[in-house]
Amino acid sequence: MKRTDVRPGSAPPLPPVEPIRLVDPDGRRVSDPAYTAPDHGTLLALLRAMIIGRRFDRQASALTRQGRLAVYPSSYGQEACQVGGVLALADNDWLFPTYRDSVSLVTRGVDPIEVLTLLRGDWHSGYDPERHRCAPQCTPLATNASHAVGLTYAARRKGEDTAALVLMGDGATSEGDAHEAYNFAAVWNTPVVFLIQNNHWAISVPVHKQSVAPTLAHKAIGYGMRGHHVDGNDAAAVHAVVSHALAEARAGSGPAIIEARTYRMGPHTNSDAPQRYRDDSEVEYWKERDPLARLERLLRDEGRIDDSELERIRAQADRLAATMRERLSAAGRLAPEELFSHVYASTPALLARQRQELLDELEA
Amino acid sequence: MKRTDVRPGSAPPLPPVEPIRLVDPDGRRVSDPAYTAPDHGTLLALLRAMIIGRRFDRQASALTRQGRLAVYPSSYGQEACQVGGVLALADNDWLFPTYRDSVSLVTRGVDPIEVLTLLRGDWHSGYDPERHRCAPQCTPLATNASHAVGLTYAARRKGEDTAALVLMGDGATSEGDAHEAYNFAAVWNTPVVFLIQNNHWAISVPVHKQSVAPTLAHKAIGYGMRGHHVDGNDAAAVHAVVSHALAEARAGSGPAIIEARTYRMGPHTNSDAPQRYRDDSEVEYWKERDPLARLERLLRDEGRIDDSELERIRAQADRLAATMRERLSAAGRLAPEELFSHVYASTPALLARQRQELLDELEA
Amino acid sequence: MAEFSMGQALNRALRDALAADPSVVVYGEDVGPLGGVFRVTDGLTAEFGEDRVFDSPLAESGIVGTAVGMAMYGRRPVVEMQFDAFGYPAFEQVVSHVAKMRNRTRGRVGLPLVIRIPYGGGIGAVEHHGDSSEMYYAHTPGLHVVTPATPADAYSLLREAIEDPDPVVFLEPKRRYWTKAEVDLPVRTEPMDRAVVRRTGTDVTLIAYGPMVDTVLEAAEAAREEGCAAEVVDLRSLSPFDDQTVTASVRRTGRAVVVHEAATFGGYGAEVAARVTEQCFHYLEAPVLRVGGFDIPYPPPELEEYHLPSVDRILGAIDRLQWESEWTAESPAVPGRRSEVGV
Amino acid sequence: MAEFSMGQALNRALRDALAADPSVVVYGEDVGPLGGVFRVTDGLTAEFGEDRVFDSPLAESGIVGTAVGMAMYGRRPVVEMQFDAFGYPAFEQVVSHVAKMRNRTRGRVGLPLVIRIPYGGGIGAVEHHGDSSEMYYAHTPGLHVVTPATPADAYSLLREAIEDPDPVVFLEPKRRYWTKAEVDLPVRTEPMDRAVVRRTGTDVTLIAYGPMVDTVLEAAEAAREEGCAAEVVDLRSLSPFDDQTVTASVRRTGRAVVVHEAATFGGYGAEVAARVTEQCFHYLEAPVLRVGGFDIPYPPPELEEYHLPSVDRILGAIDRLQWESEWTAESPAVPGRRSEVGV
Ligand SMILES: Cc1ncc(C[n+]2csc(CCOP(=O)(O)OP(=O)(O)O)c2C)c(N)n1
Ligand SMILES: Cc1ncc(C[n+]2csc(CCOP(=O)(O)OP(=O)(O)O)c2C)c(N)n1
Ligand SMILES: [Mg+2]
Ligand SMILES: [Mg+2]
């Protein structure tokens, strides 16, 4: 008799309520039964990428204040997630970032100027998704999660072992699209890791108004997949957990949801007014848990980095920032008629006429 | 310092993978650590309602075959859910049924002819939702779940302890709207119980293509609420678990998700062709787990019912069926101009003109 | 030549597309072993396997969202929304991603995907099963929207839609699934973006698409008996709109009626009337009239006959096209019983 | 009299409605302590408490769905979709439930709820923040769709929308949030279902709504300098449409241009052009022209100025209204550079 039941085996374990941590806020190693910290080379790479990422982020915020970007959602404070997630990816994996995740793109190797296209307002997405294996930054919340499921499904059908990392916020987990994507991934067993950056706020709404579950990773159990809960300000832990989840997913053991507990140190975007909804003391609390400081301390204490090396990295970061400013000024403006160029593969008569009208108008 | 975390306390326990059962398929009582069976009065009421419900259902199917209903989605085999859920409701509670749940409405006391309005095609919903505290039967899957959350939220604000029972299918749990409703209910702590009738099929799609979780009730944990897993062909168990969940919800302990394992014995609707996608042996397997047979056996064995009482109930059910046929034939047809009567509270000029046009046309 | 219903022609188109191009995948709710609730995907899982034709979880936004991801990676997904109203859960994916991906990425990522949607009424189905949702899609730049009216077009347009580098919303007139015609399959009819004159005439142009084409052809036949030679244009493509074919006809006839099932207010007929009037103003003897559904939610089965445009209602509109300069300043709009748009 | 911006007037309307009727609740994303991203709900949580004005989980379909349930039970929910494109996730709830509940239940259950949606472009925002989604709602029977163009109307229409027994999609032209006017609040202007003549004129009727009314008034001023007296009609209500006010004006002037930001194809202007033409055919000296957005996804901030209807573009359309019977059989459509609809 054919039975058509759900339960294919035993339930995956519940995620721990206390997040996985490999490095504590004071830069001391913490031992974990399941995970070991990445090697020193990786830890150095993580720190380096975080320093560069934060410098990029600071520069982008400054450019926004000067009116040279339309808007900038900073990831200041979330660098361990931005960097820990991306450096865990293989070259042929795909990244699905949101508006918040510019630093993840820079870490992935996308030209910073191309990253800023969206926020400068020249065009929507400025980089070539296929070249970098990075989907365009996504604004409609949670909608890119199912794209990652479809893409990896397609890759698997081609015999490739491509996995995908989806970045999403705590607020986005409330959307129906998050649920549908988690479930499709689990049912199709596609290699996708959903990294929820729980930065405690969705604009002005605290995460306890989004969910009353013990952790956001507890959702995983309802889809029959693994949930992980990690200290999102511990780059070593984020890297270890994401690497582990990607490896499992790639091996066919199923997708995973990871909640990374972190904090949005700045406003939602430059035009936000966080004093309306949150207390400065909260920011102070998290300042002491800075992701860069703790990894720097660890690497210093273990003799893997010194002032001069740090100086070199910071100088490199400053050069990047200076180039950003220059290249942004130098960048040419778009021709208005490009409005019509990318709506369809070939321009229908209606749009050709409208383009001609615009050109005539501009000449007049 | 104000902290803005998720975890308000400890996690609710995971639902058991083996469903809660109080009466086994052979009509023997099963002891459960947490639940006791309803008293004999309630058990008799459950049996009686199931007998009447099944007769209603059979009559509706017959009327459909004769072309007197447009369509009928039968709940044959799911009577324990239809009845066990509804009889657990207090008078001032609300029921949110789907197209599948006509028997639940009849059990709730809605006039069978008014229930059939939708399926006969005279109008969309034929009964007065407020009078019976039953929302209109819902077809767009999972969309009525958030209505129940809003309604109970509003009732609570009025100081009432109204709870709501949402009926939904296994397939509907894959929709984003299910997720959003579960989460709103949990975060707002509204007294809603979501009863998932896992009848193993969403039209032709088996439940293992909807979810690979151990049970559908495991979803609850991701929302920080209680999940229950119950034998959906055991009316006593369904009644006990729904009653318990409603009481908890009403007391402010939070909403709950209940998965009731049952089986759709018939086709999806009269126009379905189940031989295309499932084996008869599956139906045979479930025939032996019939919800009516087991409760009848128990009540007989315990001397609470006998042939003559059963005859009385069956005769009553037959009378109901006969009246359905008669009253359906007698029912008058609608005036076509009613098309325009209920679009808005008062008819705008545009619709008044269109109504006049139709009337002119009909006269011509 | 053999006889095919529209449903069979669509089935054959999917089969031939699956056979011709290994990147085509077909999925959705009940499209696998059941063959779809209208049997359009009948036999495809058996022939091409569960990897190519399969049932997904029941979630339309997830279906369209995963199709976006597949199309980003070189597949050509053909997904089904089971009924018109059940496409709405996917609306955000359609408007914000399907329609915009090529534009968002500055032309780098196109989405060759097809969303099949059975639409319209007339089959006696209960609520939410009779919506005509074409305007929601036709008003969304970045989508192609097409709808066949004949088995031959059903085959040809679906093949072309699947081959198109851009997303196509493929609307299937569900009441015509069972309509048969003699046709040699495979067939390729006129290109996807062209309207077609189905019947020539000199007095008035009747413009329709999908489910209403047959009704309008019937009306034209009836009009002929009353001495009026109606030309019938089947639009086929709702976006883009084939101005050339339509305006050429209306300039010849000087009168036009556009017919559809959807609510008239803000319906597709509004666009047709507006653009035809703009392009043919001085050729028009009378305003372009619209015969559409009433501006009400789709009615229950018992009443749908009163709602749907009928041959009589189309003839009534033709009658009101001011044939004998009845117009005076005192009865300015339209003479006779109707003073207004709307039916 | 004091000066109020449209945002302030809306805020005041919500405050007065909350004070006047204990069944009014306001919720959505960030409408609580933050006061909304446009500050329309500023101070309301502080004044009325978290029970009446609050932040919900971030899920638009859930927001609208719970509002349906609240309205079924006697509350009057006023919910916000943070931006136009973020209303799409709720589309199924809006079309299948909000618009249909009264009709589905044969008049027994009405839904007195308001869905506020900031819409349109012109504020330099990135993608998905500039859509004009009015047509998706206006084409859906069972909804009222209104949009104010002035602070006084913002106040009055919102109060009336909240008091209405039926659901209202309340579209707020986000680029006009900061536009100020002298107004005595509370104020009640014309009833919600009426259009208003904002400027009288004899030569041409300019028809607009929401964000484009100010632009059209500017165009009318500029036209006057060129000797053309334009009448300006502010529609206010997109559904229902006030035929009387609009046709009376067009019959007087004999010419009309309808202006909106949304894509022209299938846009609201199509409905206006179609129905005005049908009702005023013999009064029209030229076809009703449409000035709308191009038929493209909403552009990035750097290019939006080229997309949005401008004073010049409106003046251009007025110029093309065949003032000197330029029309000949050889140049049939519209003389001059434009041969077509579409801008
Ligand atoms: C579907 C949708 N609804 C609303 C918004 C408006 N919005 C932009 S960001 C944001 C908060 C998102 O919070 P979270 O997911 O936690 O991500 P974070 O910004 O904290 O990184 C909201 C409501 C949106 N972008 N998409
Ligand atoms: C949003 C939506 N999508 C698709 C459908 C079409 N449809 C009707 S019933 C059904 C299967 C539902 O299965 P399930 O939730 O298990 O309930 P059951 O019919 O088994 O009671 C489908 C796909 C629908 N009604 N609504
Ligand atoms: Mg957040
Ligand atoms: Mg089912």
Side-chain angles (χ1 to χ4, degrees), chain A residues 94 96 117-118 122-131 135-155 157-158 160 162 164 175-177 179-188 190 192 334 338-346 348-351 353, chain C residues 22-23 25 27 51-52 54-77 79 89-90 92-93 95-97 99-113 141-144 164-167 193 237 239-244 275:
Chain A
W94 272 71
F96 285 79
T117 302
L118 170 71
D122 291 336
W123 198 262
H124 306 297
S125 181
Y127 51 90
D128 182 349
E130 276 163 25
R131 184 164 152 230
Q137 282 177 279
C138 183
T139 295
L141 295 165
T143 54
N144 58 344
S146 56
H147 303 173
V149 177
L151 186 140
T152 48
Y153 181 94
R157 285 274 168 274
K158 289 186 184 170
E160 299 172 10
T162 303
E175 292 279 6
D177 269 33
H179 164 76
E180 297 189 12
Y182 299 156
N183 194 46
F184 271 74
V187 172
W188 289 356
T190 55
V192 179
L334 290 178
E338 198 175 332
L339 282 176
F340 303 95
S341 306
H342 315 297
V343 186
Y344 298 95
S346 52
L350 176 68
L351 291 189
R353 279 194 300 268
Chain C
S23 68
V25 288
Y27 66 101
D51 275 5
R52 308 272 316 273
F54 53 96
D55 292 322
S56 70
L58 206 173
E60 293 77 9
S61 188
I63 290 170
V64 174
T66 51
V68 167
M70 289 191 203
M72 285 174 74
Y73 212 70
R75 296 261 134 180
R76 292 184 176 262
V79 297
E92 180 185 33
Q93 285 289 350
V95 177
S96 292
H97 289 297
K100 290 181 177 164
M101 185 66 81
R102 181 184 295 282
N103 192 58
R104 294 176 65 215
T105 58
R106 218 171 163 182
R108 293 185 185 104
V109 180
L111 296 179
L113 63 86
L143 302 175
H144 291 304
D164 200 273
D166 285 308
D193 59 357
S237 172
S239 178
F241 179 87
D242 179 359
D243 284 300
Q244 234 177 326
R275 63 193 304 113

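Because the structure is a prediction, the values reported are computed rather than measured. A note on names: the letters A, B, ... follow the listed sequences, proteins ahead of strands, and every chain is numbered from 1.
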Exercise. Looking only at heavy atoms, which two atoms of P112(C) and A71(C) are closest? And how far apart?
Worked result: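 Nearest heavy atoms, P112(C) then A71(C): CD-CB, 3.8 Å.
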
Problem set entry | Distance-minimising heavy-atom pair for N144(A) and F96(A) |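 Minimum heavy-atom separation between N144(A) and F96(A): ND2-O, 3.4 Å.
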
Given a strict heavy-atom distance threshold of 4.5 Å, which part of [X] is in contact with chain A: side chain, backbone, both, or neither?
{"X": "S96(C)", "answer": "side chain"}
{"X": "D166(C)", "answer": "side chain"}
{"X": "S237(C)", "answer": "neither"}
{"X": "R108(C)", "answer": "both"}
{"X": "F54(C)", "answer": "side chain"}

Could you tell me which portion of [X] (side chain, backbone, both or neither) has an atom closer than 4.5 angstrom to a non-hydrogen atom of chain C?
{"X": "A148(A)", "result": "neither"}
{"X": "T143(A)", "result": "both"}
{"X": "A155(A)", "result": "both"}

Counting distance only, does the side-chain N/O of [X] pair as donor-acceptor with the main-chain N or O of [Y] below 3.5 Å?
{"X": "W123(A)", "Y": "N103(C)", "result": "yes"}
{"X": "R104(C)", "Y": "Q137(A)", "result": "yes"}
{"X": "Y27(C)", "Y": "A67(C)", "result": "yes"}

Select, from [options], the one with the greatest count of heavy-atom pairs under 4.5 Å involving chain A.
{"options": "G110(C), P22(C), G74(C), S56(C)", "value": "S56(C)"}
{"options": "E92(C), M101(C), R75(C), Q244(C)", "value": "R75(C)"}
{"options": "P240(C), A59(C), P57(C), G107(C)", "value": "P57(C)"}
{"options": "L143(C), D242(C), L58(C), V109(C)", "value": "L143(C)"}

In terms of heavy-atom pairs under 4.5 Å with chain C, which of [options] leads?
{"options": "D128(A), T162(A), L118(A)", "value": "D128(A)"}
{"options": "H147(A), H124(A), E180(A)", "value": "H147(A)"}
{"options": "T139(A), D177(A), V187(A)", "value": "D177(A)"}

Problem set entry | With sequence neighbours excluded, residues passing ring pair (Phe, Tyr, Trp, His ring centres under 6.0 Å) with H144(C) | Y344(A)

Problem set entry | Partners meeting side-chain contact (heavy atoms from CB on, under 4.5 Å) with R52(C) (sequence neighbours left out) |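 R52(C) satisfies side-chain contact (heavy atoms from CB on, under 4.5 Å) with L18(C), V24(C), F48(C) once adjacent residues are dropped.
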
Problem set entry | From F184(A) atom CZ to Y153(A) atom OH, the distance as rounded to the nearest 0.5 Å |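 Interatomic distance, F184(A) CZ to Y153(A) OH, rounded to 0.5 Å: 11.0 Å.
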
For this session: Taking the side chain as every heavy atom from C-beta outward, state whether E60(C) and Q93(C) have any atom pair closer than 4.5 Å.
Result: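 No. Closest side-chain heavy atoms not under 4.5 Å.
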
Exercise. Hey, does D243(C) have a side-chain heavy atom less than 4.5 Å from the side chain of R353(A)?
Worked result: yes

